[in-house]
**Student:** 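Here's a structure for you.
Per chain, numbering begins at 1; letters A, B, ... match sequence-line order. Keep in mind the model is a prediction, meaning the values are calculated, not measured.
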Protein chains: 2
Amino acid sequence: MTVDLQRFRDEITGPDEDARKAAVARHLTLTKPAGALGRLETLSTWVAATQGACPPRSIERARVVIFAGDHGVASAGVSAYPPEVTAQMVHNFVSGGAAVNALARVAGASVRVVDLAVASDLPGLPDEVTRHKVCRGSGNIAIEDALSRQQAERAFTAGTLIADEEIDAGADLLIPGDMGIGNTTPAAALIGLLSSRDAAAVTGRGTGVDDEGWIRKTAAVRDAMRRGRSVKADQIALLATVGGADFAAMTGFLLQASVRKRPVILDGLVSGACAMVAHRIAYRAAKWWQSGHRSVEPAHEVVLARLQLEPLLDYQLHLGEGTGALLALPIVRAAQATLSEMSTFDEAGVTDRTHDEDEPEP
Amino acid sequence: MTVDLQRFRDEITGPDEDARKAAVARHLTLTKPAGALGRLETLSTWVAATQGACPPRSIERARVVIFAGDHGVASAGVSAYPPEVTAQMVHNFVSGGAAVNALARVAGASVRVVDLAVASDLPGLPDEVTRHKVCRGSGNIAIEDALSRQQAERAFTAGTLIADEEIDAGADLLIPGDMGIGNTTPAAALIGLLSSRDAAAVTGRGTGVDDEGWIRKTAAVRDAMRRGRSVKADQIALLATVGGADFAAMTGFLLQASVRKRPVILDGLVSGACAMVAHRIAYRAAKWWQSGHRSVEPAHEVVLARLQLEPLLDYQLHLGEGTGALLALPIVRAAQATLSEMSTFDEAGVTDRTHDEDEPEP
């Protein structure tokens with residue numbers, strides 16, 4: 001089995017430009033002053049374009065997929081939490097007690113967690129959680145590869161299969177979530193490598209390490225970047241060298257979602273790192289994405305600039321799980337609703353602005 | 001009948017500080033790194049404080065009340081739309097075709113419109129829309145008082161009654177909306193007077209007037225401010241002189257909502273102007289408010305600074321109706337859900353950060 005990255009370059013096209021233009025035109029007919037809904041109007045035209053329909057349909061099955069995995073680098077003291085928390089949080093997601101579950105209920109979304117590389121086995125969990133597992137923990141990227149090439153390909157392919165499973169089950173909007181103690185370290189390394197930044201510039205506090213922890217983490221990021229530099233141009237090798245099975249899977253997931261023409265709301269640092277890798281593989285994929293929020297992690301700013309994404313919210317979140325994306329989901333729903341539910345001036349019998357009668361159409 | 005403003009100073013206290021502290025403490029026990037939900041945590045503690053309960057209850061009946069009224073100053077060419085649009089939009093609200101209706105459905109809120117001073121009568125509309133009408137249009141504030149003192153007191157009292165009606169019917173969160181061609185002119189005049197700014201600094205484009213319209217509008221604001229300066233210290237006289245029946249009612253509504261301990265999400269310029277007047281009457285009322293968004297209207301920044309409110313969103317909206325507040329309502333719901341629906345570390349069997357064991361409690 002060899003992953004064919006060229007397929008994504010060939011198959012991913014942008015959202016529907018005609019639907020976008022129709023949405024821009026429709027906004028001028030709705031009962032409000034032109035442009036009065038500001039950024040919500042721009043967002044609504046993106047929704048229309050991703051669906052290829054104006055007015056766009058309401059979002060019926062928004063789905064969060066959390067990619068869970070442990071990272072050997074956690075043993076280097078880069079996190080404020082012990083590695084066993086990854087497995088514990090997988091159980092918390094399944095029983096519905098995590099932040100992502102609470103925010104999903106509010107936003108009308110559902111949550112699936114998938115174990116790609118949790119260090120322990122997770123008996124008693126549903127098959128949809130466990131069936132794509134690649135390994136028990138990814139390697140410590142400061143000193144060794146996270147994965148073999150074969151494992152990276154398996155994980156990447158698992159991500160594409162997960163996207164297919166979700167879309168075949170009716171998902172019309174996807175949110176990538178992450179869980180893994182230590183996972184902001186590979187995220188920082190990937191972003192540092194793909195943006196040619198110094199390790200210190202892309203290393204943040206993650207779950208909240210203290211100054212000494214940050215120094216250890218920055219050293220780990222620097223070591224990983226040194227190891228990964230020679231394979232930058234080969235994205236599967238890059239994910240194997242300084243990523244992890246959860247990262248490889250999320251990257252495949254993002255690309256396949258674009259192949260299948262599904263809009264995605266990115267979350268924070270980890271999904272941002274995978275999005276940067278996916279963007280390297282097929283740059284048009286980014287047209288299918290919004291960034292749900294601006295994370296406090298410094299490397300997230302690098303991602304946003306590279307992908308030219310203006311985050312939908314800035315709430316100083318740094319949790320992952322998909323929480324920042326879920327917080328923004330109701331705004332995307334609101335944008336959709338303006339195009340599909342508002343009356344036009346004609347329908348409502350409301351007089352349009354007086355001077356329009358004298359001016360030519362723009 | 002004389003309105004007793006002292007009653008509001010006496011009866012309005014701040015939200016429950018004990019509940020707020022309990023919410024701060026509870027966040028430290030929930031399955032996430034401390035502070036990882038950023039601003040959402042601060043917002044959730046406000047929700048708890050307004051309810052006097054930790055964890056807070058979910059918001060079951062969020063209610064938008066749109067205060068509709070015409071303004072004589074519209075005849076001075078301060079708006080891009082003709083005055084008959086006010087009445088047409090009232091019908092649009094009732095039939096559910098306006099932006100506020102679309103956003104309310106997404107956010108799980110309901111909408112009521114109340115005619116305080118629409119220039120025409122509105123036959124065929126429900127009693128809850130029409131029964132508080134004070135006058136057919138408020139006067140042109142550039143050259144005459146908007147209302148007699150008696151009308152201003154009637155309108156203010158109507159606002160307090162509307163708040164009571166809604167809260168008695170179960171409303172647990174209130175959103176003041178506005179509709180009235182020309183209404184950003186009195187809003188600018190009120191904000192200019194209460195902040196001692198120049199007319200040009202508080203006059204914006206409203207529904208989208210061109211440069212000549214803006215010059216006419218600024219002149220009207222300046223004339224109104226000159227007329228209102230001597231009555232600044234008497235808020236009822238101020239509302240009568242440069243406000244309008246819709247403004248007086250919304251001001252009473254905001255104050256009575258605080259008396260009744262109900263949280264409010266303010267919208268944009270018009271609700272901001274009324275909030276500034278209400279704040280002058282009873283400054284503690286502002287503790288019950290969030291600002292849903294940052295309007296593009298320049299005077300809104302003055303309101304936010306004066307009331308020390310950091311808007312929940314910045315989407316370049318300038319529509320009114322309550323739309324900016326509704327766009328932010330799901331964020332308030334999400335904040336509430338974190339406190340009420342997330343598991344604690346103990347409940348979920350998740351290990352808290354390692355170094356907590358060695359450190360004293362903060």
**Student:** With side chains defined as the heavy atoms from C-beta onward, is the minimum distance between A/P33 and B/L319 less than 4.5 Å?
**Tutor:**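 The answer is yes; the side chains approach within 4.5 Å.
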**Student:** Report yes if the side chains of B/S58 and B/Q336 come closer than 4.5 Å at any heavy-atom pair, otherwise no.
**Tutor:**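 Yes, their side chains come closer than 4.5 Å.
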**Student:** Which one, B/G97, B/G324, B/A107, B/G108, leads in non-hydrogen pairs under 4.5 Å with chain A?
**Tutor:**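 If we count pairs closer than 4.5 Å to chain A, B/G97 comes out on top.
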**Student:** With a 4.5 angstrom heavy-atom cut-off, could you sort out which part of B/T31 is near chain A: side chain, backbone, both or neither?
**Tutor:**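 Looking at B/T31, backbone and side chain both touch chain A.
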**Student:** Out of A/A36, A/S343, A/G38, which one racks up the most heavy-atom pairs below 4.5 Å with chain B?
**Tutor:**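 The candidate making the most pairs under 4.5 Å is A/A36.
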**Student:** Counting heavy-atom pairs closer than 4.5 Å to chain B, which one of A/L43, A/L37, A/T42, A/D314 comes out on top?
**Tutor:**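 Of A/L43, A/L37, A/T42, A/D314, A/L37 has the most heavy-atom pairs under 4.5 Å with chain B.
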**Student:** Given that the side chain runs from C-beta out, which part of B/L40 has a heavy atom under 4.5 Å from chain A: side chain, backbone, both or neither?
**Tutor:**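 Contact with chain A is through both the backbone and side chain of B/L40.
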**Student:** Determine yes or no for a side-chain-to-main-chain donor-acceptor pair under 3.5 angstrom, with B/D267 supplying the side chain and B/A325 the backbone.
**Tutor:**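 Yes: the side chain of B/D267 pairs with the backbone of B/A325.
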**Student:** Quick one, B/Q88 and A/T351 - any side-chain contact, counting heavy atoms below 4.5 Å?
**Tutor:**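 Yes, their side chains come closer than 4.5 Å.
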**Student:** Just so I understand: if I count every heavy-atom pair under 4.5 Å between each of A/I331, A/T338, A/T344, A/T323 and chain B, which residue has the most?
**Tutor:**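 The candidate making the most pairs under 4.5 Å is A/I331.
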**Student:** May I ask you to decide if B/L304's main-chain N or O and B/R294's side chain share a donor-acceptor pair within less than 3.5 Å?
**Tutor:**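 Absent.
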**Student:** Does any backbone or side-chain atom of A/T207 lie under 4.5 Å from a heavy atom of chain B? Answer side chain, backbone, both or neither.
**Tutor:**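 Both parts, heavy atoms under 4.5 Å.
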**Student:** Check whether B/L329 gets within reach of chain A through its side chain, its backbone, both or neither, counting any heavy atom under 4.5 Å.
**Tutor:**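 Neither the backbone nor the side chain of B/L329 comes within 4.5 Å of chain A.
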**Student:** Looking at A/R39, A/K32, A/M89, which makes the most heavy-atom pairs under 4.5 Å with chain B?
**Tutor:**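 That would be A/R39.
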**Student:** Starting from the C-alpha separation in whole Å, work towards a yes-or-no answer on side-chain hydrogen bond (donor to acceptor under 3.5 Å, both in side chains) for A/T185 and A/H71.
**Tutor:** CA-CA 9 Å; A/T185 299; A/H71 294 269; over 6 Å; no
**Student:** So what's closer than 4.5 Å to chain B heavy atoms on A/A87: side chain, backbone, both or neither?
**Tutor:**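 It is neither, since no heavy atom gets under 4.5 Å.
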**Student:** Indicate yes or no: at least one non-hydrogen side-chain atom of A/V47 is less than 4.5 angstrom from one of A/P263.
**Tutor:**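 A/V47 does not reach A/P263 side chain to side chain.
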**Student:** Go through A/L30, A/L312, A/N101, A/V100 and name the one with the most non-hydrogen pairs under 4.5 angstrom from chain B.
**Tutor:**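 Option with the top pair count is A/L312.
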**Student:** Would the distance check show the side chain of B/D172 and the main-chain N or O of B/E60 forming a donor-acceptor pair, the cut-off being under 3.5 Å?
**Tutor:**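 Confirmed, B/D172 side chain pairs with B/E60 backbone.
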**Student:** For the interface with chain A, which of B/A337, B/S95, B/A328, B/G206 has the highest count of heavy-atom pairs at distances below 4.5 Å?
**Tutor:**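 Of the candidates given, the most pairs with chain A belong to B/A337.
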**Student:** Which atoms of B/F345 are under 4.5 Å from chain A, going by heavy atoms: the side chain, the backbone, both sets, or neither?
**Tutor:**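 Just its side chain gets close to chain A.
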**Student:** For A/L326, which atoms come within 4.5 Å of any heavy atom of chain B: side chain, backbone, both, or neither?
**Tutor:**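 Looking at A/L326, nothing touches chain B.
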**Student:** What residues form a side chain to side chain contact (heavy atoms under 4.5 Å, CB included) with A/V296, not counting sequence neighbours?
**Tutor:**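 Side chain to side chain contact (heavy atoms under 4.5 Å, CB included) check on A/V296 returns A/Q316, A/H318.
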**Student:** Assess whether a salt bridge exists between A/D211 and A/R205, defined as any Lys/Arg side-chain N lying under 4.0 Å from an Asp/Glu carboxylate O.
**Tutor:**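 Counted as a salt bridge, because a side-chain N and a carboxylate O are separated by less than 4.0 Å.
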**Student:** Among B/A334, B/P330, B/S340, single out the residue with the greatest number of heavy-atom pairs under 4.5 Å to chain A.
**Tutor:**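 Of the options given, most contacts go to B/A334.
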**Student:** Which answer fits B/A335, side chain, backbone, both or neither, if we ask what part of it has an atom under 4.5 Å from a heavy atom of chain A?
**Tutor:**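 Neither part.
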